[in-house]
Amino acid sequence: MQAKITALGTYVPERIVDNHYFESIIDTNDEWIVSRTGIRTRRFASEFEYTTHLCAAAVENLVEENNVVLDDVDFIIVATVTPDQIMPSVASQVQEKLGLRHTGAIDIAAACAGFAYGIILANGLIAAGTHRKVLVFGAETLSKFTNFEDRTSCILFGDGAGVVLVEATPKGNILAGVTGSQGDGGKDLYMSHMRKQINGQDVITDNKIHQNGRAVFKWAVNTVSAQMPLLAGRAGLTLNDIDWFIPHSANLRIIETLCSQSGFPLEKTLESITLFGNTSSASIPLALHRGLREGKVKKGDKLMLIGFGGGLVYAGVVLEWDV
Ligand code: COA
């Protein structure tokens with residue numbers, strides 16, 4: 001059997017945070033943020049909303065918008081670097097919320113590449129014949145781990161979630177995949193988080209994302225622009241055959257530079273950065289959903305998804321959209 005993506009759902013929290021919000025807490029302004037990143041707004045989860053809640057809302061949206069049954073899901077993968085806690089996993093919490101009784105459940109940490117990694121793993125589970133129906137989430141509550149005193153990074157991040165259902169079928173739609181890691185760049189983008197009890201309250205401490213923005217920018221554009229034609233080639237295609245390129249939405253300038261370096265037309269890219277900021281593993285499904293809602297992505301289109309981020313890691317897939 002082969003793997004096929006059969007449904008997509010997304011969710012973003014209600015609270016919209018515009019760039020002017022940051023003018024009151026750090027030395028910045030709307031014009032700098034828009035010109036350097038493309039970001040106009042992002043969403044922040046409420047005090048009581050964690051990554052598990054975002055996943056549950058995204059899967060609710062998947063069910064609402066698609067004619068699918070989830071009772072026989074047999075594996076859940078949640079790509080996140082902002083889990084509610086390290087243990088139990090977000091995936092197990094989602095399993096409980098969905099009332100699924102016979103499913104495996106794991107979280108994977110591959111930062112902004114997590115969603116593409118999740119699809120590659122789901123593809124492998126189905127191709128191996130051990131599983132038939134896998135939910136793959138990319139979900140983050142980055143606002144809970146952002147250093148709001150660091151003006152170079154705090155303006156970037158937002159919260160959101162996306163999920164796809166990957167099912168076993170005789171003819172799949174995942175045409176190719178690629179993964180890579182460059183651990184010596186780990187020092188340029190990292191985060192640690194711990195929780196402790198203070199006066200009976202569960203408190204997140206050391207919740208900082210640390211980033212050398214210029215180094216990450218340079219690595220991302222060089223690595224991803226080199227991988228784009230190679231990944232197309234693995235699918236037996238060239239970049240000319242790709243209808244929509246959906247890179248991780250880290251920064252609009254990264255997307256523009258990827259297109260100029262690879263010769264790919266910018267107007268054939270989909271992004272979620274302008275409305276939702278950098279939502280790490282959620283950015284690709286959010287961009288894809290936006291492309292579908294705007295009527296851009298059509299059945300039969302060839303899509304190239306490439307995520308990249310902390311690790312440093314990257315992962316990409318080529319799909320033929322058939323939902
Ligand atoms: N508001 C106003 N000025 C700011 C600012 C802010 N929020 N943040 C930084 N600046 C200033 C800097 O202090 C610097 O001033 P100086 O020239 O007087 O020293 C100037 O703006 C330029 O800073 P620099 O860091 O060179 O900006 P940049 O053009 O590289 O943009 C990022 C910074 C973070 C937006 C950019 O590097 C980036 O997006 N990198 C990739 C990050 C990323 O995508 N990470 C996730 C990957 S998954």
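In each ligand, atom 1 is the first atom listed, and ligand 1 is the first ligand listed. Just so it is clear, the model here is predicted, and its values are computed rather than measured. In what follows, every heavy atom counts, from backbone to side chain, and hydrogens, waters and symmetry copies are set aside.
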For residues 301-321, dump all side-chain donor-acceptor pairs below 3.5 Å to protein atoms at least two apart in sequence or in another chain.
unit_1	atom_1	unit_2	atom_2	d
Asp301	OD2	Trp244	NE1	3.2
Asp301	OD2	Lys298	N	2.8
Tyr314	OH	Gln227	NE2	3.2

Note to self: If only side-chain N and O atoms count, and only distance matters, is there a donor-acceptor pair under 3.5 Å linking Thr141 with Thr51?
What the structure shows: yes

Next item on the list: Rounded to the nearest 0.5 Å, what's the gap from CD1 on Ile39 to OG on Ser249? Could you check?
Entry: 9.0 Å

Let me check something: any side-chain donor-acceptor pairs from residues 6-17 under 3.5 Å, sequence neighbours excluded? List them with distances.
unit_1	atom_1	unit_2	atom_2	d
Thr6	OG1	Glu167	OE2	2.6
Thr10	OG1	His289	ND1	2.7
Tyr11	OH	Glu49	OE2	2.8

Atom pairs and distances, side-chain donor-acceptor, residues 108-116, under 3.5 Å, sequence neighbours left out:
none

Notebook entry, point to check: Charged N to carboxylate O under 4.0 angstrom, Lys133 versus Asp72?
Noted result: yes

Distances only, to 0.1 Å: what are the N or O pairs between ligand 1 and the protein that fall under 3.5 Å?
unit_1	atom_1	unit_2	atom_2	d
ligand 1	1 (N)	Thr28	OG1	2.6
ligand 1	3 (N)	Trp32	NE1	3.4
ligand 1	3 (N)	Arg151	NH1	3.4
ligand 1	7 (N)	Thr28	OG1	3.1
ligand 1	7 (N)	Arg151	O	2.8
ligand 1	13 (O)	Arg151	NH2	2.9
ligand 1	21 (O)	Trp32	NE1	3.3
ligand 1	26 (O)	Arg214	NE	2.6
ligand 1	26 (O)	Arg214	NH2	2.7
ligand 1	27 (O)	Arg36	NH1	3.3
ligand 1	29 (O)	Arg36	NH1	2.6
ligand 1	29 (O)	Arg253	NH1	3.4
ligand 1	29 (O)	Arg253	NH2	3.4
ligand 1	37 (O)	Gly213	O	3.4
ligand 1	39 (O)	Asn251	ND2	2.6
ligand 1	40 (N)	Gly213	O	3.0
ligand 1	45 (N)	Gln211	OE1	2.6

